[in-house]
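We use all heavy atoms of the structure for the numbers below, so side chains are in, but hydrogens, waters and symmetry mates are not. Numbers here simply count residues along the sequence, with the first being 1.
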Amino acid sequence: MSKPRILTIVSSHSAGWYLPELAHPYEVLSPHCDLVIASPKGGPTILDPISLELFKDDAYCVEFAATKSKLWLETEKLESFLGKAKDFTAILYVGGFGPMFDLSDNPISAKLIQEFYEADRIVSAVCHGAAALLKAKLPDGTLLIAGERITGFSDVEEIAVDREKDMPFHLEDALNVASGGLYEKSAEAWEPHVIVSTTKRLVTGQNPASAKPFAEEVLKKVQVYPAF
């Protein structure tokens, strides 16, 4: 029996994607699922070197970075998956600062998310990957995350790493507006926080520490699919 397939999206932007937010989902999901890695431009993408340094004591991240580079250097082009949502069980957006620039207002990405939602597939995003959800709409034109509890990298975390000045907008604020005031975050910065929607096949994680528990919740959804 073939494994479920997960379309896994990383940024093509020079700001890159964040190591633990691909490594730990891969760690959790790859034994059970086939992960197909795509990016807006296709081809090589950039692993944020700062994330490599910050997670040098994370044994799995170190191993992943050293042995799995083909995954992010030979990505498929995002556009090639339009109309193919039914070939997958889920779509997953990896975080890092890059998605704030090339996935937050990307019509192809937004269309893909709508297609996955319409096909009753799982939609998921961790950390800044949640930027991809901001413009995604339902078939009736309403925002996918309107009225939904949602999470993503918080303002206090952005300020703590001195990157708020480099971002085109504040993700927490944008998610709060798009959801109708339902953005949530952990009680303490950098603690894991994962939200599983009770009304949609939607899973979001707040920050790097959330990457593994986020992936575990996605896996739970995948393993019982098509049950809710």
Side-chain angles (χ1 to χ4, degrees), residues 6 8-30 35 37-40 44-75 92-104 124-133 150-175 183-195 203-219:
I6 299 178
T8 306
I9 315 301
V10 294
S11 172
S12 293
H13 192 270
S14 60
W17 51 269
Y18 221 63
L19 176 57
E21 295 162 17
L22 178 58
H24 287 305
Y26 187 87
E27 176 187 16
V28 171
L29 296 166
S30 65
L35 275 65
I37 314 294
S39 64
T45 65
I46 295 174
L47 164 55
D48 184 339
I50 295 175
S51 69
L52 189 57
E53 172 64 22
L54 289 176
F55 288 85
K56 64 185 179 183
D57 295 326
D58 182 319
Y60 187 82
C61 281
V62 172
E63 178 190 351
F64 181 86
T67 63
K68 302 295 184 186
S69 62
K70 185 176 180 179
L71 293 173
W72 65 85
L73 294 178
E74 299 180 10
T75 67
L92 188 158
Y93 283 86
V94 173
F97 298 106
M100 296 286 284
F101 298 93
D102 68 352
L103 288 167
S104 62
S124 63
V126 62
C127 203
H128 287 93
L133 304 178
I150 197 80
T151 193
F153 206 53
S154 70
D155 287 350
V156 67
E157 290 166 333
E158 202 91 77
I159 292 167
V161 295
D162 196 29
R163 292 301 295 270
E164 80 283 359
K165 64 184 184 303
D166 303 322
M167 296 297 102
F169 59 91
H170 291 288
L171 181 59
E172 174 181 331
D173 299 345
L175 289 171
Y183 172 87
E184 294 182 9
K185 58 187 173 185
S186 55
E188 298 291 334
W190 311 111
E191 290 297 310
H193 189 64
V194 178
I195 296 177
V203 183
T204 53
Q206 180 178 325
N207 50 25
S210 305
K212 192 167 186 177
F214 156 80
E216 289 166 349
E217 292 298 334
V218 172
L219 181 60

Exercise. In Å, rounded to the nearest 0.5 Å, how long is the span from CZ of Phe64 to NE2 of His24?
Worked result: 10.0 Å
Problem set entry | Closest non-hydrogen atom pair, Leu92 against Pro25 | CD1-CB, 4.4 Å
Seminar exercise, completed: Shortest non-hydrogen pair, Ala211 vs Val126, comes out as CA-CG2, 4.1 Å
For this session: For Lys212 and Val28, run side-chain contact (heavy atoms from CB on, under 4.5 Å): C-alpha distance rounded to whole Å, both residues' side-chain angles, the deciding distance at 0.1 Å, then the answer.
Result: CA-CA 7 Å; Lys212 192 167 186 177; Val28 171; 3.8 Å; yes
Exercise. If every non-hydrogen atom of Ala130 is compared with every non-hydrogen atom of Leu171, which pair is closest and at what distance?
Worked result: C-CD1, 4.4 Å
For this session: Can you measure from OG (Ser154) to OH (Tyr183) and round to the nearest 0.5 angstrom?
Result: 4.5 Å
For this session: Determine yes or no for a side-chain-to-main-chain donor-acceptor pair under 3.5 angstrom, with Ser210 supplying the side chain and Gly205 the backbone.
Result: no
Problem set entry | Inter-residue atom distance Lys185.NZ - Glu191.CD, 0.5 Å rounding | 14.0 Å
For this session: Give a yes or no on whether the backbone of Asn207 and the side-chain of Tyr18 come within a donor-acceptor separation of less than 3.5 Å.
Result: no
Exercise. What heavy-atom pair brings Ser124 and Val218 nearest, and what distance separates the two atoms?
Worked result: CB-CG2, 3.8 Å
Problem set entry | Minimum heavy-atom distance Glu158-Phe97, with the two atoms named | OE2-CE2, 3.2 Å
Problem set entry | Whether over 12 other heavy atoms sit under 6.0 Å from Lys165 NZ | yes
Problem set entry | Ring geometry between His128 and Phe153 (parallel below 30°, tilted from 30 to 60°, perpendicular above 60°) | tilted
For this session: First locate atom SG of Cys61, then atom CD of Glu27, and finally report the distance between them rounded to the nearest 0.5 Å.
Result: 8.0 Å
Exercise. Would you say Gln206's side chain and His193's backbone share a donor-acceptor pair under 3.5 angstrom?
Worked result: no
Exercise. About how many Å separate NE2 of His170 and CD1 of Ile159, when rounded to the nearest 0.5 Å?
Worked result: 6.5 Å
Problem set entry | Check: Ile46 main-chain N/O paired with Trp17 side-chain donor or acceptor under 3.5 Å | yes
Seminar exercise, completed: Separation between OG1 (Thr204) and CD (Glu217), nearest 0.5 Å, reads 11.0 Å
Exercise. Closest heavy-atom contact between Leu29 and Leu219?
Worked result: CD2-CB, 3.7 Å
Exercise. Would a 4.5 Å heavy-atom cut-off, applied to side chains only, mark Leu19 and Leu47 as touching?
Worked result: yes
Exercise. Just by distance, do the side chain of Ser11 and the backbone of Gly16 share a donor-acceptor pair under 3.5 Å?
Worked result: no
